[in-house]
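Only this structure's heavy atoms are used, side chains among them; waters, hydrogens and symmetry mates stay out. Start at 1 with the first residue, then count along the sequence. These numbers were taken from a predicted model, which means no experiment stands behind them.
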Amino acid sequence: MNTTINARPYDPTPARRVAFLGLGVMGYPMAGHLALAGHEVTVYNRTATKSEAFCAQLAGAGKVKHAETPAAAAAGAEIVLACVGNDDDLRQVVLGEAGAFAGMAPGAIFVDHTTASANVARELDAVARSRGLHFIDAPVSGGQAGAQNGQLTGMCGGDQAAFDRVRPVALAFSRAFTLMGPSGAGQLTKMVNQICIAGLVQGLSEAIAFGQRAGLDMQQVIEVIGKGAAQSWQLDNRGPTMAQDRFDFGFAVDWMRKDLGLVLDEAKRNGARLPVTALVDQFYADVQQMGGGRWDTSSLVRRLK
Ligand code: NAP
């Protein structure tokens with residue numbers, strides 16, 4: 001795993017005692033930025049070698065240590081942050097005897113950066129309240145590079161007062177961190193983000209495949225149309241690499257399918273019609289069948305070549 005953490009200027013807040021659960025592609029650098037910002041960080045990772053490597057890497061930066069269970073990591077922490085895979089993973093690190101809630105003192109706040117369902121956010125928010133704890137759903141956008149550079153965008157759901165306590169801490173790894181509404185609103189906002197990306201990347205894929213069949217120099221085309229109304233982050237950043245057939249740029253197709261599954265489930269509940277998103281989800285299933293589950297999401301274009 002790439003363990004780069006690029007330090008960045010940070011307006012220091014009073015050092016807090018925090019815990020971070022899940023040192024994956026995203027969690028490792030996020031926790032690293034918290035340590036670099038001067039917070040006292042206890043980490044937990046299911047595979048202990050990663051927490052040991054984290055403590056060895058950050059030992060010089062601040063007070064870091066690792067714990068054997070989520071409950072042990074959370075004990076004494078004012079804020080417990082997590083970034084694991086999906087709803088079930090989240091329940092596993094939060095609930096039960098060894099789960100984070102068991103270790104947290106009343107008044108402490110759990111912040112979930114996993115991209116999960118709005119339902120699990122509401123479910124865990126209710127459990128948190130029954131124990132005198134707070135729960136904020138706070139999925140992030142910005143990918144691995146955003147996490148490494150401390151430039152993520154966090155979209156949050158929960159109580160204003162708890163959010164206000166978390167925000168200065170989360171700004172150690174975010175350039176924006178915004179409360180969108182009550183519990184679940186952060187996850188719903190992330191779903192809107194993924195709907196935008198799915199349709200856009202399919203459009204971009206069709207454009208690139210078309211241009212290549214037409215015999216155009218696609219690097220030049222992308223440069224030129226990127227100065228007009230077709231411009232987008234995806235066109236600027238992924239367009240040139242899609243034209244070169246390179247798909248090792250972070251956010252994986254397997255994760256996108258999980259996210260679109262959450263979106264389509266939610267749409268069944270709220271009645272939204274998402275014909276293009278549902279189709280693109282099936283196109284991503286094709287990419288998985290081609291062996292591309294770990295390729296990045298711009299690999300949609302591969303189906304068309
Ligand atoms: P990842 O590299 O696979 O890391 C997942 C982390 O969760 C690992 O630390 C893993 O522990 C831990 N974990 C998974 N299941 C667990 C369980 N049942 N109990 C305890 N720990 C568990 O994933 P990632 O790329 O960091 O993504 C994490 C979340 O952020 C996902 O929800 C993803 O959709 C979202 N996200 C990712 C990106 C991106 O570009 N990667 C961007 C935005 C949002 P082990 O080390 O033991 O496996």
Side-chain angles (χ1 to χ4, degrees), residues 1-84 90 93-94 97-114 128 132-136 138 140 142 144 146-152 154 156 161-175 177:
M1 194 176 84
N2 180 337
T3 55
T4 307
I5 302 163
N6 296 319
R8 68 172 179 97
Y10 172 69
D11 189 11
T13 55
R16 303 279 166 73
R17 214 162 144 190
V18 304
F20 203 105
L21 318 176
L23 301 177
V25 166
M26 300 298 283
Y28 192 105
M30 291 164 84
H33 281 290
L34 291 171
L36 290 174
H39 299 296
E40 212 176 304
V41 187
T42 305
V43 293
Y44 160 80
N45 195 67
R46 179 178 56 182
T47 309
T49 45
K50 276 192 214 166
S51 9
E52 287 156 14
F54 177 88
C55 289
Q57 182 175 347
L58 274 302
K63 290 187 181 166
V64 291
K65 58 184 186 210
H66 59 91
E68 299 281 310
T69 64
E78 186 186 337
I79 302 174
V80 179
L81 307 96
C83 190
V84 293
L90 182 61
V93 296
V94 168
E97 264 177 43
F101 281 3
M104 291 167 69
I109 309 170
F110 189 96
V111 185
D112 176 36
H113 296 294
T114 311
L133 306 171
H134 305 276
F135 184 94
I136 304 274
V140 293
Q144 181 173 9
Q148 289 175 339
N149 297 326
Q151 295 289 331
L152 293 170
C156 304
F163 171 81
D164 289 343
R165 282 165 61 199
V166 169
R167 189 170 181 276
V169 174
L171 286 177
F173 52 74
S174 324
R175 67 174 163 193
F177 200 78

Audit row: Arg175, Leu152, side chain to side chain contact (heavy atoms under 4.5 Å, CB included) steps and yes/no
CA-CA 6 Å; Arg175 67 174 163 193; Leu152 293 170; over 6 Å; no
Just wondering, do Leu81 and Met30 contact through their side chains at under 4.5 Å, heavy atoms?
no
Does some side-chain heavy atom of Val80 sit less than 4.5 Å from a side-chain heavy atom of Val18?
no
Please find the pair of heavy atoms, one from Leu21 and one from Ala73, that lie closest to each other, and give the distance.
CD2-CB, 3.9 Å
Using only atom types and a distance under 3.5 Å, with no angle test, would you say the side chain of His33 pairs donor to acceptor with the backbone of Gln148?
yes
For the atom pair CZ (Phe110) and CG (Leu133), what is the distance rounded to the nearest 0.5 Å?
10.5 Å
How far apart are the closest heavy atoms of Met104 and Ile109, and which atoms are they?
CE-C, 3.6 Å
Is the backbone N or O of Gln151 less than 3.5 Å from a side-chain atom of Asn149, with the two atoms forming a donor-acceptor pair by type?
no
Assess the pair Phe173 and His113: is the distance between their ring centroids shorter than 6.0 Å?
yes
Distance only, no hydrogens: is a donor on one side chain within 3.5 Å (strictly under) of an acceptor on the other, for Gln57 and Tyr28?
yes
Nearest heavy-atom contact between Ala147 and Pro29 is O-CB, 3.6 Å
Heavy-atom nearest pair, Val84 first then Gly22, reads CG1-CA, 4.2 Å
Scan the side chains in residues 40-56 for donor-acceptor partners under 3.5 Å anywhere in the protein, sequence neighbours excluded, and list what turns up.
{"residue": "Asn45", "atom": "OD1", "partner": "Leu23", "partner atom": "N", "Å": "2.7"}
{"residue": "Asn45", "atom": "ND2", "partner": "Thr47", "partner atom": "O", "Å": "2.9"}
{"residue": "Ser51", "atom": "OG", "partner": "Ala48", "partner atom": "O", "Å": "3.1"}

side-chain contact (heavy atoms from CB on, under 4.5 Å) partners of Ala61, counting only residues at least two apart
Leu36, Leu58
Note: Ala74 and Ala100 closest approach over all heavy atoms is CB-O, 3.6 Å
May I ask you to decide if the ring planes of Phe101 and Phe135 are parallel, tilted or perpendicular, using 30° and 60° as cut-offs?
perpendicular
Name the atoms and distances for all side-chain donor-acceptor pairs under 3.5 Å in residues 163-170, with sequence neighbours left out.
{"residue": "Asp164", "atom": "OD1", "partner": "Gln160", "partner atom": "NE2", "Å": "3.0"}
{"residue": "Arg165", "atom": "NH1", "partner": "Gly107", "partner atom": "O", "Å": "3.3"}
{"residue": "Arg165", "atom": "NH2", "partner": "Gly107", "partner atom": "O", "Å": "3.1"}
{"residue": "Arg167", "atom": "NE", "partner": "Phe177", "partner atom": "O", "Å": "3.0"}

May I ask you to decide if Arg17's main-chain N or O and His39's side chain share a donor-acceptor pair within less than 3.5 Å?
no
Closest heavy-atom pair and its distance - Ala71, Ala102
CB-CB, 4.4 Å
Criterion side chain to side chain contact (heavy atoms under 4.5 Å, CB included) on Ile136 and Asp112, from CA distance to verdict:
CA-CA 6 Å; Ile136 304 274; Asp112 176 36; over 6 Å; no
